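Presented below is the structure to which this report refers.
Keep in mind it's a predicted model, so treat the numbers as computed, not measured. All heavy atoms count here, side chains included; hydrogens, waters and symmetry mates do not.
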There are 2 protein chains.
Amino acid sequence: MKIGELSARTGVSIRSLRYYEEQKLLTSVRMDNGYREYSPLAEEQVRTIQFYLSLGLSTEQIASFLTCVLKNKEAFCEEVLPIFERKLKEIDGQIHLLSQIKSNLEDRIRSIQEER
Amino acid sequence: MKIGELSARTGVSIRSLRYYEEQKLLTSVRMDNGYREYSPLAEEQVRTIQFYLSLGLSTEQIASFLTCVLKNKEAFCEEVLPIFERKLKEIDGQIHLLSQIKSNLEDRIRSIQEER
DNA sequence: ATAAACCCTGACATTAATGTCAGGGTCAAG
DNA sequence: CTTGACCCTGACATTAATGTCAGGGTTTAT
């Protein structure tokens with residue numbers, strides 16, 4: 001399948017598909033005319049990439065385990081767990097920071113409302 | 001006081017102080033030699049700016065109410081409340097999203113660990 | 001008068017995935 | 001053979017606060 005079809009099937013822009021290839025997340029073979037040709041598996045692969053991106057992982061992180069994960073279950077890829085754990089820590093930190101800001105904002109909003 | 005001193009007193013880089021001025025968060029008068037001269041009040045003002053930045057507000061948002069807030073209490077500045085409320089909503093959204101990601105990551109980490 | 005320590009402006013870099021445009025091939029249908 | 005719908009590469013733009021560098025004045029102390 002050509003890039004336009006893959007894009008239509010997955011909802012991912014052509015620009016992004018090319019970017020994923022550049023980042024070694026996705027491969028294609030070139031036809032004689034220079035067009036990219038994708039295997040039918042590419043569709044699932046793109047969805048997988050999008051899923052990991054939605055978890056906030058970078059293309060670099062995804063690239064480090066994607067090949068393995070596409071062949072095996074996550075549990076069999078050594079690289080996966082440390083990346084998930086690092087990301088989880090990072091997210092905990094972000095939630096913590098946001099919660100502090102949230103409390104601060106709530107306090108200020110409350111005291112503004114009381115003073116009126 | 002000159003910019004170096006203000007920077008030293010507040011811990012804010014000279015680069016940032018100039019940027020705040022560009023964003024109309026901070027004012028200075030120019031000496032004959034072109035140097036910026038700051039009033040003693042500037043120190044407090046810079047701390048106020050930094051505080052609002054730490055709440056995740058943009059320089060544009062801060063600019064919209066800073067003048068008022070520096071003169072009055074927050075409660076007397078009409079502009080403040082809607083900005084705080086908008087930011088609060090935004091942060092709630094972010095926390096919510098991050099929480100979903102966190103759950104997803106935790107699930108995956110757990111099932112990886114169980115499978116080993 | 002020279003060196004060190006200031007100050008100035010302007011400009012480019014940073015991050016990361018994606019949008020968008022230019023300039024140019026390719027292919028299919030009419 | 002032309003038109004429209006594809007495809008290609010390369011490059012610049014986006015966001016926002018801050019870092020950093022270049023090239024050049026000023027001030028202070030020696």
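Distance B:E22 CD to C:dT9 P: 10 Å, rounded to the nearest Å. Regarding B:I62, its CD1 atom lies at a distance of 8 Å from the P atom of D:dA17, rounded to whole Å. Atom CG in B:L6 sits about 15 Å away from atom P in C:dC6, given to the nearest Å. Between A:L17 atom CG and C:dA17 atom C1' the separation is 13 Å, expressed in whole Å. Following rounding to the nearest Å, B:K2 (NZ) and C:dC8 (P) show an atom-to-atom distance of 9 Å. Atoms CZ (A:R30) and P (C:dG25) sit 17 Å apart, rounded to a whole Å. Atom CD in B:Q23 sits roughly 7 Å away from atom P in D:dA17 (whole-Å rounding). Regarding A:R15, its CZ atom lies at a distance of 13 Å from the P atom of D:dC8, rounded to whole Å.
Checked against D:dC7, C:dC6, C:dT18, the side chain of A:L53 finds its nearest nucleotide in C:dT18. Checked against D:dA17, C:dC7, C:dA17, the side chain of B:I3 finds its nearest nucleotide in C:dC7. Side-chain proximity of B:R18 to C:dT9, D:dG25, D:dC8: nearest is C:dT9.
Ionic pairing of B:R110 and B:D107 is present here: one or more N-O contacts between side-chain nitrogen and carboxylate oxygen are shorter than 4.0 angstrom. Ion pairing between B:R86 and B:E90 fails under the 4.0 Å rule for side-chain N and carboxylate O.
Place A:S16 and A:N33 on DNA chain C by their nearest nucleotides, and A:S16 ends up nearer the 5' end.
Residue side chain A:Y19 does not reach the base of C:dG19 through any donor-acceptor N/O pair under 3.5 Å, judged by distance alone.
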TODO: Walk me through it: do A:T10 and A:Q50 pass the test side chain to side chain donor-acceptor pair (under 3.5 Å)?
DONE: CA-CA 9 Å; A:T10 58; A:Q50 285 273 295; over 6 Å; no
Task: Test log, rule side chain to side chain donor-acceptor pair (under 3.5 Å), inputs B:S28 and B:E21 - done: CA-CA 8 Å; B:S28 63; B:E21 185 168 327; 3.1 Å; yes
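Here A:R36 lies in heavy-atom contact (under 4.0 Å) with sugar-phosphate atoms only.
Of the side-chain N and O atoms in A:Y20, none sit less than 4.0 angstrom from OP1 or OP2 of C:dA17. For D:dA16, neither phosphate oxygen OP1 nor OP2 lies less than 4.0 angstrom from any side-chain nitrogen or oxygen of B:T59.
Under the 30°/60° scheme for interplanar angles, the aromatic rings of B:F84 and B:F65 are found to stand perpendicular.
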